[in-house]
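By convention in this document, chain letters (A, B, ...) are assigned in the order of the sequence lines, proteins followed by strands, and residues within each chain are numbered from 1. In this text the structure is predicted, and so the values were computed from the model without any measurement.
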Amino acid sequence: MTVTLLQIMRKTRYLGAVLLLVTCFGACGSTQVTTVRKSDVPILSIAPITNAPSFNGSPSDLQALEQQVANAAYLKEKAFVPAPTLAPNSTHLASNAATDGSTSLSASATSMLAPVFTGSEETTEVAAVKQFAASLADSPSLWPLDGGIDWIKFSTAVLNGTMATLTGDVQTWSKFAPIHADGSLGTVSRPTAIEDFTATETQVSGVWLVNSYQWTFAPGSGP
Amino acid sequence: VSDPFVCTHNSSHLCQNFEYDELADVKTWNRANAASYADTYEQYGNTAWRYYNGDDCTNFVSQSLYAGGLYMVGTGEPAQYQDDSQWWEDPVYLPIADSWTLSWTVAANNYNHWTRYENSGPNVYSYYGDGRGTQVSNTQHFQVADLVYYSWNGDGKINHMSIVTAFGASLDNSGLSGPLVDSHTNPEYHVYFTLAAENPNWMTTLISVVHINDDRGF
């Protein structure tokens, strides 16, 4: 059985999407597979595991685990997008944009990522965003405009007490443009790739959180 | 390894490989020739050499460097394939053995070869530094045949490599301009060296560049 579950925020302003996203992470996962995103590609599909003999938890547990991995893959792209985004006809000077963007990224990194990641993985993910924010402030040349995932497909799930491991593949995307000195943006690019992942989750206060997320480009995908 | 032209394993059939090496008379490291080779074989590869299906990036660059006049380094002893001080592969046109070093075929080992074992004396390399996204310093010093390494997660574990082949506008319609590279496995021709327009994880990608000096190969 392959189920595609959709709950799309269409044409939702970014801030609202983030707020709902963060709110949803703690409460929505165990009852229904849901996905929240501001979307250029209006459909995010989740293909859950159809046969998981090594998974001895409940269907709702499996749904919650899968949803949190989908959230993780999504945030690994979205967390790098400064808010507010620059419009293609922006007159915001690059230096100002860089300062504002860097500040917003650093400020939002933990609040965006902590509801999904935990432990060393949370530390790694937050550090990556902050390092990128620092480089953005130092010398902006490419400006992130958006990012996310088109679909995610799960292959295996193993539950061992309060630890779970899920594998699968996901198609990620990013949208960016070169930023010129006057703050205007150049050609928009939208790279996409399929990635194989292995994610482990642990239960913290009843909530599944990702404590390890390893990925590689799928054969034939990536640069 | 002080002299890459000397096969130190006298009984190895691969020593004969080096003797029969078609390029053995080429004594000059010519970076333009390396770039030209990459441009020629970027799309379909060179059937005279192995092709590592799905994982050919380093093999492709190694071939290019070899075509540019760099000499294989090491004993040619298959059992020493993990020794990053060596750098060799026996071409398909010499169907004697089926062996290569990891430094010829794996980006992390290739990086280790150039930065750890070829970093002194006449074979000194220059290291430009590294950075995330587009933050590679001193790009104005790039030359063709420079080696570009990528760590997708930014954790320092090198996952991919390419070779600088030209300068100018990237042919991937990204609007980016500067040093351009060719790469395998997915064929890339004259695209901006960060591969940002091909990589949704460009924000976390750590890039390192190695320059092989002109006197390497003599």
Worksheet item: Got a second to check how far B/Thr204's OG1 is from A/Glu77's CD, nearest 0.5 Å?
Response: 8.0 Å

Discussion item. So for A/Pro219, is it side chain, backbone, both, or neither that comes closer than 4.5 Å to the heavy atoms of chain B?
Written reply: neither

Discussion item. Strictly distance-based, threshold 3.5 Å: is any side-chain N or O of B/Asn199 a donor or acceptor partner for the main-chain N or O of A/Gly222?
Written reply: no

Worksheet item: So which bits of residues 175-182 of chain B come within less than 4.5 Å of chain A, counting non-hydrogen atoms only?
Response: B/Gly175, B/Leu176

Practice prompt. Side-chain contact test, heavy atoms from C-beta onward, threshold under 4.5 Å: evaluate it for A/Phe217 versus B/Asn159 and give yes or no.
Written response: no

Fill in: Atom pair CD/CG of A/Gln214 and B/Asp155 - distance to nearest 0.5 Å
8.0 Å

Worksheet, complete the sentence: Given the options A/Trp173, A/Trp143, A/Phe132, B/Trp202 meets ring pair (Phe, Tyr, Trp, His ring centres under 6.0 Å) only with A/Phe132

Worksheet item: Measuring heavy-atom distances to chain A, does B/Thr185 have an atom under 4.5 Å in its side chain, in its backbone, in both, or in neither?
Response: neither

Discussion item. If you count heavy-atom pairs within less than 4.5 Å of chain A, which of B/Asp55, B/Asn201, B/Val191, B/Leu195 leads?
Written reply: B/Asn201

Worksheet item: Which bit of B/Asn173 comes within less than 4.5 Å of chain A, counting heavy atoms only: side chain, backbone, both or neither?
Response: backbone

Worksheet, complete the sentence: Of the listed A/Thr187, A/Thr172, A/Val129, A/Thr192, the one with the largest count of heavy-atom pairs under 4.5 Å with chain B is A/Thr187

Worksheet item: Per the side chain to side chain contact (heavy atoms under 4.5 Å, CB included) rule, which among A/Gln171, A/Glu195, A/Arg190 passes with B/Pro200?
Response: A/Glu195

Discussion item. Less than 4.5 Å to any heavy atom of chain B: does that hold for the side chain of A/Ser189, its backbone, both, or neither?
Written reply: side chain

Worksheet item: Is there a side-chain contact between A/Thr216 and B/Trp152 (heavy atoms, below 4.5 Å)?
Response: no

Worksheet item: Between B/Asn186 and A/Gly220, which heavy-atom pair has the shortest distance, and what is it?
Response: ND2-O, 3.1 Å

Worksheet entry | Gap between atom OG1 of A/Thr124 and atom CG of B/Asn153 - 0.5 Å precision | 9.5 Å

